[in-house]
Number of protein chains: 2
Amino acid sequence: MADKKRRITSVDVAREAGLSRGTVSFVLNNTPGQSIPEATRQRVLQAAARLGYTPYAPARTLRSGRSDVALFVLPDWPQGPTMAALVDRAAQVLGEAGLTLITHVHAGHDDGLMKLWSALSPAAVFGMRPFTGEELEGMRRVRIPAVLPPSEQPGYDIGGSLWISGVGRLQARYLIGKGHERLAYVVPDDPRLSALGRGRAEGAAQACAEAGLPEPVVSTIAMDAGSAAEAVVGWEATVTAACAYNDEVALALLAGMRAAGSSLPVIGADDIPAARFAVPPLTTVAQDSGEIGEHIARALLRVLNDEDPALELPASVIHVVERESA
Amino acid sequence: MADKKRRITSVDVAREAGLSRGTVSFVLNNTPGQSIPEATRQRVLQAAARLGYTPYAPARTLRSGRSDVALFVLPDWPQGPTMAALVDRAAQVLGEAGLTLITHVHAGHDDGLMKLWSALSPAAVFGMRPFTGEELEGMRRVRIPAVLPPSEQPGYDIGGSLWISGVGRLQARYLIGKGHERLAYVVPDDPRLSALGRGRAEGAAQACAEAGLPEPVVSTIAMDAGSAAEAVVGWEATVTAACAYNDEVALALLAGMRAAGSSLPVIGADDIPAARFAVPPLTTVAQDSGEIGEHIARALLRVLNDEDPALELPASVIHVVERESA
DNA sequence: TGCCGTTACTATCACGTGTAACCTATGACT
DNA sequence: AGTCATAGGTTACACGTGATAGTAACGGCA
């Protein structure tokens, strides 16, 4: 076999079928407005199958100006199963529309994103984190058809506020509904999470304001029981319940309270698998990440069709999972 | 602005600089064997910067036959921070070599991988899970230069055995070192995890055999405390300590033992953040995922240079984190 | 018969890039 | 003065594909 050398192109298929390359292309793309007898069509299809022909994406993209990959830019903070389910479902929906979903974790410690666009020239990009002005400018330059950063981009807030401040709001409302009036909001000291942490804390603050209550005390902790215990002790008797930025922080908080000998209601966020096994089992705000993923995918597809992307994400995609910690 | 219409090509840069496109290309790629005076070089560079020129990847790939994206195929089972750190580090190493790392979670419920190769035509592919024969055949067809599935491919076992059976072996050895002679190995009932679960259980079995002990009892549990309690009760008094497939299973097991009123030593795997906050804090096997990521990246690069990829992964990348659960 | 319309194709261009081949002054050397 | 090497470029081709324009054969119809 001359295997190692050349890739199989549509020219090979044409030769094998005894037809011209144009005809092959018409058949393989079922180009509308062409009349092709069934016999010829089969001849092409079988020749292609026999040779194992696969169209070469770069050439196709170059010619048509449209690639069929969609790109999700993920932030580098730790991603749980929530995000995985979201991406999985989005991939499924986009796949039905002929798009392949790719994810890229971008740590932000370099200008990798620029390279990424030029390396992929994706048909659509969605950012799980807001893009910087510089990044947006770069995308504008290479004319990427669809951009949907969560929030911060007016008109493009695909429910970003729901994931972020919405979660905080729901946590606070739940505790307020249980009769608590002085809340704490606990965020981790990981700088990568600070933006998101602030956003959720603000959501909680809004809920408090709506209920005519004072703002929550915001405490930053390191991810160990000692640091959490310090924070708990610092609240003295003023705080009666705490929201955690996510379940891991909530677990740290529970550990801290065990160490400090205190015991306050705690509500987490994300419903990680470990939450149900905590002591006590953790009450938390869960997201229907599959639905969110589908939602994002559909919005991307609408943007690709030059339609209005702004779909409202139903509030039902986040809800409280009540266990015993609050 | 005629913004929306055309993308900026090297022709535009050439016109702006008052030179031919060839010269522009030579400068931008600093092609060796060309003599270009500094003045001209600057003229080109500044023109490119002024216009915000970015080379168009599909065209470049088409011409050169070599794309600069590397692809990690991730399995669809839940990925923790371990995998994230691995990918992040690998992306960094590959980035230094001019490659952009892309990840794709493949649920396996379709033929998406085929599409993926044709959509990306990556320079290199690494699979976090073994590939099927069909998939390998597809890759061979489109002539993807590098393939490094973990294990199962002779000569391509880039330490796969270390992550899989190696972890199980280390868990069992630790418990054996503590004087236990009858072990259980607990795997989750998630079918996506069964292959990996079996692999780790086999590692534990090997360690037992080496120590002249009977095989571990393998128990499959659903991820809730009730199911875990059942398994624990089923062991009666024969089992004196348990290895868990991962930390989440270990946490379930601890919850199950609380429910069943028993208390056996348990060792987990992966060292997720929640492990240190468990009751009791979880002893577990941690992996230095950054180092593993770097390792994989370097192996990929070697394969791209037609060198031998087989690097030994040092055993030090996995180690026991001793806490109180075992 | 002459003209038209349809069928079933083929020939050709364009996409943007990398690079081998070619071209033209300018000195240097015999 | 003639030859030649070299710096400093320019031209032309190839990569594989999608689509548009063209063309030969053929049937229908006046």
Side-chain angles (χ1 to χ4, degrees), chain A residues 5-44 47-48 51-68 98 117-121 123 141-143, chain B residues 5-44 47-48 51-68 98 117-121 123 141-143:
Chain A
K5 255 340 206 179
R6 254 172 23 81
R7 84 159 23 237
I8 293 168
T9 77
S10 62
V11 173
D12 300 313
V13 177
R15 190 185 314 113
E16 173 86 6
L19 289 166
S20 82
R21 206 185 52 74
T23 308
V24 169
S25 177
F26 291 145
V27 170
L28 263 36
N29 304 328
N30 5 358
T31 312
Q34 295 288 336
S35 71
I36 303 197
E38 191 56 26
T40 317
R41 154 174 255 96
Q42 288 306 325
R43 203 142 52 101
V44 171
L51 297 177
Y53 168 70
T54 317
Y56 188 48
R60 183 197 280 258
T61 303
L62 173 59
R63 168 61 225 208
S64 66
R66 197 143 298 240
S67 101
D68 53 356
W117 298 317
S118 92
L120 284 180
S121 59
R141 260 193 194 126
V142 299
R143 319 216 184 290
Chain B
K5 255 339 205 182
R6 255 174 22 81
R7 87 164 14 242
I8 293 170
T9 76
S10 62
V11 174
D12 300 314
V13 176
R15 190 184 314 114
E16 173 85 6
L19 290 165
S20 82
R21 206 184 51 75
T23 308
V24 169
S25 178
F26 290 143
V27 170
L28 262 37
N29 304 328
N30 5 0
T31 312
Q34 296 288 337
S35 74
I36 302 196
E38 191 54 27
T40 322
R41 155 175 254 96
Q42 287 306 323
R43 204 143 50 104
V44 170
L51 297 176
Y53 168 70
T54 317
Y56 189 47
R60 182 196 282 256
T61 304
L62 173 59
R63 167 63 225 209
S64 66
R66 196 142 298 236
S67 99
D68 52 356
W117 297 317
S118 92
L120 283 180
S121 60
R141 262 196 193 121
V142 298
R143 319 216 184 291

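All chains are named by letter (A, B, ...) in the order of the sequence lines, taking the proteins before the strands, and each is independently numbered beginning at 1. Everything numeric in this text was worked out from a predicted model, so none of it was measured.
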Fill in the blank from the handout: Judged by nearest nucleotide, the residue sitting upstream toward the 5' end of DNA chain D, B/G22 or B/I36, is B/I36

Handout entry: Check: B/E16 and B/V13 side chains under 4.5 Å, non-hydrogen atoms
Key = no

Practice task
Please name the pair of heavy atoms, one in B/Y56 and one in A/G65, separated by the smallest distance, quoted to 0.1 Å.
Solution key: OH-CA, 4.1 Å

Practice task
With a 4.0 Å heavy-atom cut-off, tell me which residues in residues 51-67 of chain B come close to DNA chain D, sorted by residue number.
Solution key: B/L62, B/R63

Completion exercise
Output for pair (A/R60 CZ, B/L62 CG), nearest 0.5 Å, gives 13.5 Å

Practice task
Please report the closest heavy-atom contact between A/S67 and A/A123, naming both atoms and the distance.
Solution key: O-CB, 3.0 Å

Problem - Heavy-atom side-chain contact between A/T9 and A/R21 under 4.5 Å - result: no

Practice task
Could you tell me whether a side-chain N or O of B/T61 sits under 3.5 Å from a main-chain N or O of B/A57, the two making a donor and an acceptor?
Solution key: yes

Exercise for the section: With heavy atoms under 4.0 Å as the rule, sort B/S35 into base, sugar-phosphate or nothing. Expected result: base

Practice task
First locate atom CG of A/L19, then atom OG of A/S10, and finally report the distance between them rounded to the nearest 0.5 Å.
Solution key: 12.0 Å

Fill in the blank from the handout: Contacts of B/S20 meeting side chain to side chain donor-acceptor pair (under 3.5 Å) (sequence neighbours excluded), chain-then-number -> B/T23

Problem - Interatomic distance, B/I36 atom CD1 to B/N30 atom CG [nearest 0.5 angstrom] - result: 9.0 Å

Exercise for the section: Flag the pair A/F26 / A/V44 as yes when at least one side-chain heavy-atom distance between them is below 4.5 Å, and no otherwise. Expected result: no

Practice task
Send over the distance from A/L19 CG to C/dA8 C1', rounded to a whole Å.
Solution key: 10 Å

Practice task
Measure the CD-CZ distance between B/Q34 and B/R41 for me, rounded to the nearest 0.5 Å.
Solution key: 11.0 Å

Practice task
Determine the contact category for A/T9: base if any of its heavy atoms lies under 4.0 Å from a base atom, sugar-phosphate if only primed atoms, P, OP1 or OP2 are that close, otherwise nothing.
Solution key: sugar-phosphate

Exercise for the section: With the side chain counted from C-beta on, respond yes when A/Q42 and A/T40 share a heavy-atom pair under 4.5 Å apart, and no when they do not. Expected result: no

Handout entry: Terminal contacting nucleotides, 5' and 3', DNA chain D versus chain B (heavy atom, 4.0 Å)
Key = D/dA7 to D/dG16

Problem - Verdict with reasoning, B/Y53 to B/L28, per side chain to side chain contact (heavy atoms under 4.5 Å, CB included) - result: CA-CA 11 Å; B/Y53 168 70; B/L28 262 37; 3.5 Å; yes

Problem - Whole angstrom value for the distance that separates C1' of C/dC15 from CD1 of B/I8 - result: 17 Å

Problem - Any residue of residues 23-33 of chain B with a heavy atom less than 4.0 Å from an atom of DNA chain D - result: B/T23, B/F26

Protein N or O to nucleotides 22-25 of chain C N or O, pairs below 3.5 Å:
none

Problem - Degree of bending in the helix from C/dT1-D/dA30 to C/dT30-D/dA1 once both end axes are built from five pairs, to 10° - result: 70°

